[in-house]
Each structure stands twice: as structure tokens, then as C-alpha cells.
Amino acid sequence: MIGHVALVGGGPGDPELLTLKAARLLAQADVVMYDALVSPEVIALASPLAEFIDVGKRPGQGVAQDLTNVLLIQLARAGKRVVRLKGGDPFVFGRGGEEALALAEAGIACEVVPGITSAIAAPAAAGIPLTHRGLSASFTVVTGHRQHGEAPVNWAALAQAGGTVVVLMGVAERAAIAVALMSGGMPADTPVAAIGRATTEHQVVGRCRIDQLAELPVESPATLVIGAVAALNVGELEVVAAYAVD
Ligand code: SAH
């Protein structure tokens with residue numbers, strides 16, 4: 001008997017931001033394979049009888065992607081209902097596409113359950129609308145941490161586009177990202193917000209200008225929001241005082 005694999009988005013942290021489908025699949029799962037950034041409260045929604053496998057990729061450790069794929073295939077072939085639980089959305093920098101392809105090649109059906117990505121949840125938690133009339137008509141979600149072999153990010157094009165830039169995995173490279181955007185024509189006084197551990201009790205929000213980003217104290221995991229909207233905090237009905245937004 002062939003089991004079932006669901007690639008499930010676990011959302012940004014707050015378990016109430018999980019989809020109903022994700023909660024149901026977790027409750028029914030025989031095996032839950034989860035990543036480092038999945039919130040413990042979300043994992044706790046799984047059946048206590050399930051088997052839990054931590055395949056988190058932390059710097060310098062973690063389970064290799066190939067091994068994760070092999071494990072998923074083996075468990076499905078053993079007839080298990082597997083939930084492959086990822087932080088945020090499984091298809092936003094979660095390598096969910098690679099796992100779905102590996103399963104398809106092995107002839108195993110896989111269901112994809114989208115989750116609320118931190119690219120959207122983190123700005124929302126800081127009161128930052130990604131698009132806002134008169135300020136930003138677009139947003140681009142980009143990785144700040146380029147893996148070997150991946151296409152380079154065209155920072156100059158993003159600087160020219162004029163919309164909001166949302167950077168995931170960008171904390172370590174933030175100085176270089178700021179330089180690349182400013183070299184591409186982004187004004188030095190462009191607002192930036194860094195939201196760490198968004199939607200959890202450890203959430204921290206830092207704000208600065210792009211030319212100050214290198215010095216902004218921020219720890220990973222955090223989402224960087226760059227552009228005029230980063231000066232807003234609509235929850236507080238305020239424009240953060242440091243910025244002049246027309
Ligand atoms: N699939 C995930 C992203 C994986 S890449 C998603 O859709 O959210 C991991 C990056 O996501 C981190 O480096 C960080 O930039 C961001 N991230 C994940 N969880 C976060 C959180 N709770 N708060 C802020 N950023 C977060």
C-alpha cells in the first residue's frame with residue numbers, strides 16, 4: 001500500500017495562523033517530518049501517537065536534502081500518512097518543489113497545503129502593508145542567501161522597480177544587500193524594517209534607513225522589508241517618526 005505525503009505550510013509561528021487543512025492533516029498523520037523553523041506549538045497539534053522526525057537544516061548540521069527525500073519516499077511506500085511540515089509556505093524558499101519532484105519521480109502522490117509565508121506575515125505583524133496606495137504598487141520576495149549554483153539576484157533591477165523588497169534569509173548578508181541596492185540607485189534614506197521571530201512571543205521589530213542596515217542589530221530568523229512602506233506602522237496609526245513619507 002502506498003501512503004500519502006502532504007507538503008504542509010506551518011505558517012510563520014503563531015499556531016492560529018495555520019490553515020484548517022494543515023491542522024487536520026497534522027491530527028491524522030502517522031509521521032511528522034519538520035524543519036527547524038516550524039513553531040513547537042504547531043508541531044504540538046499533531047497526534048501524540050505520531051512519529052516525529054526533525055530534519056531541520058541548521059547551519060553546519062541538519063539532514064541532507066537527498067536523505068530527506070529518500071526518507072519521505074520510504075515512509076510513503078511503507079503506507080504511512082506523512083506530513084512534511086515546513087515553516088511559512090512550503091513553496092517559498094522551503095525546497096518544497098524539490099521534494100514534490102522527488103516524490104513524483106518515485107510515483108508517489110503528494111498534496112501541497114499552502115501556508116502563510118513569513119514574507120507576508122512578518123510585515124503584517126509590524127503594521128507594514130506590502131502595497132499601499134501612493135507608496136508601493138508591488139512587492140518582490142527575494143533570498144538574501146544565495147546557494148551555490150542559484151541564479152544571482154538582480155538587486156539593481158529591484159532598486160529600479162520602486163516597489164517593496166522583502167528579503168528572507170538576509171540577516172547575515174544585510175550589509176552587502178544594502179550596498180547592492182544603493183549601487184543600483186535606491187536612495188540612501190529608503191526605510192527598512194527588520195522583523196525577527198514574527199508572530200511569536202519573541203517578536204522584535206527594528207527600523208532604520210537602508211544606509212544604516214549594516215549596523216541594525218538583528219538576529220536570524222528575520223524578514224527584512226525595504227521600501228517606503230517600511231516606515232509605516234498602521235497598527236499604531238503612525239508613520240515611524242524617523243522617516244518622512246510623502
Ligand atoms: N518557507 C518559509 C521561508 C523559509 S526561508 C516561509 O514561507 O516563511 C527562512 C527565512 O524565512 C528566514 O531566514 C527568515 O528570513 C524568514 N522567517 C521564517 N520564519 C520567520 C519568522 N517567524 N519571523 C521572521 N522571519 C521569518
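Whatever order the structure lists ligands and atoms in, that order sets their numbers, starting from 1.
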Considering heavy atoms of the protein only, find what lies nearest to [atom] and give residue, atom and distance to 0.1 Å.
atom                    : answer
atom 9 (C) of ligand 1  : L37 CD1, 3.5 Å
atom 25 (N) of ligand 1 : T223 OG1, 2.8 Å
atom 14 (C) of ligand 1 : A222 O, 3.3 Å
atom 17 (N) of ligand 1 : S118 OG, 3.2 Å
atom 22 (N) of ligand 1 : P12 O, 3.0 Å
atom 10 (C) of ligand 1 : M169 CG, 3.7 Å

(Q) Atom CZ of residue position F139 - does it have more than 12 heavy atoms of other residues, nucleotides or ligands inside 6.0 Å? (A)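 Open.
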
Q: Evaluate whether atom CD of Q203 has more than 12 neighbouring non-hydrogen atoms of other residues, nucleotides or ligands under 6.0 angstrom away.
A: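 Correct, the count exceeds 12.
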
**Q.** N-O pairing of K21 and E111 below 4.0 Å
**A.**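 Result for this pair is yes, salt bridge flagged.
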
Q. Looking at E219 and R197, does any basic side-chain N land under 4.0 Å from a carboxylate oxygen?
A.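 Between R197 and E219 there is no salt bridge, as every charged N stays at least 4.0 Å from the carboxylate O atoms.
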
Q) Taking heavy atoms and a distance under 4.0 Å, where does V92 meet ligand 1: side chain, backbone, both or neither? A)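 Looking at V92 and ligand 1, atoms from backbone and side chain both fall under 4.0 Å.
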
Can you find a non-hydrogen atom of [X] under 4.0 Å from ligand 1?
X    : value
I195 : yes
K86  : no
G13  : no
T200 : no

Q.
Quick test of your reading of the structure: of A119, S220, A198, whose heavy atom lies closest to atom 23 (N) of ligand 1?
A.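 The option holding the nearest heavy atom is A198.
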
Q: Might you work through the side chain to side chain contact (heavy atoms under 4.5 Å, CB included) test for V179 and W155, ending with a clear yes or no?
A: CA-CA 9 Å; V179 167; W155 295 102; over 6 Å; no

Q | Worked verdict on L168 versus T143 for side chain to side chain contact (heavy atoms under 4.5 Å, CB included) | A | CA-CA 5 Å; L168 302 187; T143 174; 5.8 Å; no

Q: Take T164 and S136, measure what side-chain hydrogen bond (donor to acceptor under 3.5 Å, both in side chains) needs, and give me the verdict at the end.
A: CA-CA 6 Å; T164 309; S136 170; 2.8 Å; yes

Q: State which residue, out of I195, L216, I128, fulfils the side-chain contact (heavy atoms from CB on, under 4.5 Å) condition with R207.
A: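 Checked I195, L216, I128 against R207; only one passes side-chain contact (heavy atoms from CB on, under 4.5 Å): I128.
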
